[in-house]
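All values below come from the heavy atoms of this structure, side chains included, with hydrogens, waters and symmetry mates left out.
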Amino acid sequence: MEIHGLLSRPPDEGARLLALGFLDQAAAAYPRLSDPADAEALHDFRVALRRLRSCLRSYRPLLEASVPRKLAKKLRKLAQATGPGRDTEVQIEWLRPRAKHLAGAHRAGLSWLLARLEERMRGAYGELTEHLEAGFPGVEQKLRRRLSVYRTEVHLDPSGRRPTLADATAEILRGQIAELETHLARIEESGDEHEAHEARISAKRLRYLLEPFAGELAPAGPVVKRLKAVQDLLGELHDAHVLETELRESIDIAAAERARKLFDVSLQEVPDEQILRAERRRSRESGLIALARLNRNRRDRLFDRLEKEWLEGAAADFLRDVEQLAEALGSAPAAPQPSADGAPGGPSPPAPIGANFAVSGSGVKDDKDSKDAKDAG
């Protein structure tokens with residue numbers, strides 16, 4: 001989403017217009033969730049909620065009077081509810097094509113795991129529908145009402161430069177650059193799951209902060225593109241970490257199920273030897289171990305790319321570019337003060353707060369936003 005003309009507006013006004021724009025996107029996607037043929041509805045709704053929460057977090061000092069903690073908590077719970085089903089779907093999408101890489105004896109493990117994940121996904125999506133129907137309309141209404149009105153001081157001194165959304169964004173941007181740099185520096189090996197996940201969240205926040213201004217701030221476009229690249233890379237790495245945990249837990253469950261089946265059949269008055277032989281041969285665990293090896297290879301390949309492109313100083317030039325972008329934002333000219341008598345030549349009146357101002361697509365498809373990991377925070 002690109003929104004034009006906000007950088008020169010007062011910070012309080014600009015931040016609220018941004019938040020309302022993301023709320024509009026979520027509200028537009030929400031009715032589509034009831035259409036089973038709309039495969040993109042949940043993706044669009046989920047991304048809009050994450051962008052909204054990221055906006056509220058980034059501009060918290062400007063928006064906290066309009067978004068009390070209780071309301072922010074309700075929004076967070078709605079966003080978190082969209083995660084489990086989609087995250088499980090992402091794992092299924094990676095696992096299904098792995099069948100061609102497995103020996104015939106190992107495919108039983110894959111089929112068993114896919115059946116478990118598909119059942120979990122259906123349950124999560126069913127709960128999600130109920131949760132959103134009960135919570136989103138009320139949260140949307142409260143947010144829209146509170147974000148659409150605010151109190152501010154107007155200084156009429158013509159010699160003073162009034163602060164702008166560009167100034168506020170530049171300050172936020174500097175802090176988020178430092179945060180991303182810190183988390184990248186802490187990733188030392190492919191198993192550093194926590195820091196890799198935190199680096200992904202930092203990259204996502206940076207991208208969401210800059211993306212709305214890519215149309216009027218030319219250097220932002222290439223920066224947003226690179227942030228999406230590292231976000232996707234770290235997202236795939238996170239998926240590999242999550243799947244390894246899933247496989248480790250699943251192998252215990254599969255072994256226990258088989259042992260119980262053998263136990264029950266063995267205790268029958270006349271044990272069925274054919275069933276016993278079949279259960280002894282049918283080892284799902286070997287298939288899960290084969291999948292774990294494939295997934296570990298994926299994890300290590302992804303980490304090699306991350307190390308080459310982003311770690312050990314590889315991101316230094318990019319981070320300097322983002323610092324320069326922050327400087328450019330901070331030095332952007334403010335809109336002229338309105339004249340005291342309302343004479344022509346002052347700025348055009350702002351669009352009504354909460355209006356559906358002009359929005360154009362950025363051309364960046366958010367597929368790793370399709371995962372997400374868990375929460376922009």
Side-chain angles (χ1 to χ4, degrees), residues 1-3 18-56 74-97 114-144 147 200 204 207-208 211-212 214-215 224-225 228 231-232 235-236 238-239 242-243 354-376:
M1 179 181 76
E2 295 176 8
I3 307 169
L18 273 175
L20 285 164
F22 294 130
L23 184 60
D24 285 345
Q25 290 184 343
Y30 174 69
R32 295 164 48 205
L33 295 173
S34 59
D35 181 1
D38 193 337
E40 295 297 312
L42 179 60
H43 166 81
D44 294 344
F45 180 76
R46 190 170 182 235
V47 170
L49 281 189
R50 279 208 308 272
R51 290 178 187 275
L52 172 59
R53 291 193 62 231
S54 187
C55 176
L56 296 179
K74 288 181 179 178
L75 181 63
R76 183 178 75 239
K77 286 183 177 179
L78 287 174
Q80 289 174 339
T82 67
R86 179 55 187 159
D87 293 340
T88 303
E89 186 176 352
V90 167
Q91 300 294 357
I92 291 170
E93 288 171 358
W94 186 83
L95 284 165
R96 275 200 184 116
L114 284 172
R116 277 174 51 81
L117 293 176
E118 286 165 357
E119 182 179 2
R120 182 191 302 169
M121 181 180 69
R122 287 191 296 270
Y125 280 156
E127 292 177 8
L128 171 63
T129 301
E130 294 178 7
H131 191 71
L132 292 180
E133 287 176 354
F136 179 71
V139 168
E140 189 229 341
Q141 184 181 41
K142 289 177 183 177
L143 277 173
R144 192 174 299 281
L147 288 168
R200 179 183 176 230
K204 186 190 300 184
R207 176 188 164 196
Y208 286 176
E211 209 163 38
V224 166
K225 189 174 181 180
K228 183 175 188 303
Q231 178 189 333
D232 285 355
E236 290 184 58
H238 177 69
D239 291 341
V242 171
L243 183 57
N356 289 322
F357 41 85
V359 173
S360 62
S362 66
V364 179
K365 177 68 175 175
D366 210 350
D367 36 49
K368 206 45 101 150
D369 275 331
S370 324
K371 307 184 175 170
D372 281 79
K374 303 297 182 226
D375 187 3

When rounded to the nearest 0.5 angstrom, what distance separates CG in Leu42 from CZ in Arg86? 7.5 Å
Rounded at 0.5 Å granularity, tell me how far CE in Met121 sits from CG in Leu114. 10.0 Å
Between Arg207 and Gln231, a side-chain donor and acceptor under 3.5 Å: yes
dist Leu56:CG -> Leu52:CG (nearest 0.5 Å) comes out at 4.5 Å
Leu18 to Cys55 - nearest heavy-atom pair and separation: CB-SG, 3.9 Å
Which heavy atom in Arg144 sits nearest to a heavy atom in Asp24, and how many Å separate them? NH1-OD1, 2.7 Å
Does some side-chain heavy atom of Asp44 sit less than 4.5 Å from a side-chain heavy atom of Gln25? no
Please check this pair: side chain of Ser54 against backbone of Arg50, looking for a donor-acceptor N/O pair closer than 3.5 Å. no
Report the distance from atom CG of Leu75 to atom CD of Gln80, rounding to the nearest 0.5 Å. 10.0 Å
For the residue pair Tyr125 / Glu89, report whether a side-chain donor-acceptor contact shorter than 3.5 Å exists. yes
Which atom names give the shortest non-hydrogen contact between Leu49 and Ala26, and what distance separates them? CD2-CB, 4.1 Å
Crowding at CD, Glu93 (>12 non-hydrogen neighbours, <6.0 Å): yes
Minimal heavy-atom distance between His131 and Ala81, with the atoms involved, is CD2-CB, 3.4 Å
Test side-chain contact (heavy atoms from CB on, under 4.5 Å) applied to Arg122 - qualifying residues, sequence neighbours left out: Glu118, Glu119
Rounded to the nearest 0.5 Å, what separates atom CG in Asp87 from atom CG in Leu243? 12.0 Å
How close do Gly83 and Arg46 get, counting heavy atoms only, and between which atoms? CA-NH2, 3.4 Å
For Tyr208 and Arg51, the nearest pair of non-hydrogen atoms, with its separation, is CD2-NH1, 3.5 Å
Audit row: Phe45, Phe136, ring pair (Phe, Tyr, Trp, His ring centres under 6.0 Å) steps and yes/no: CA-CA 11 Å; Phe45 180 76; Phe136 179 71; 5.1 Å; yes
Enter the distance from Leu117:CG to Gln91:CD here, rounded to the nearest 0.5 Å. 7.5 Å
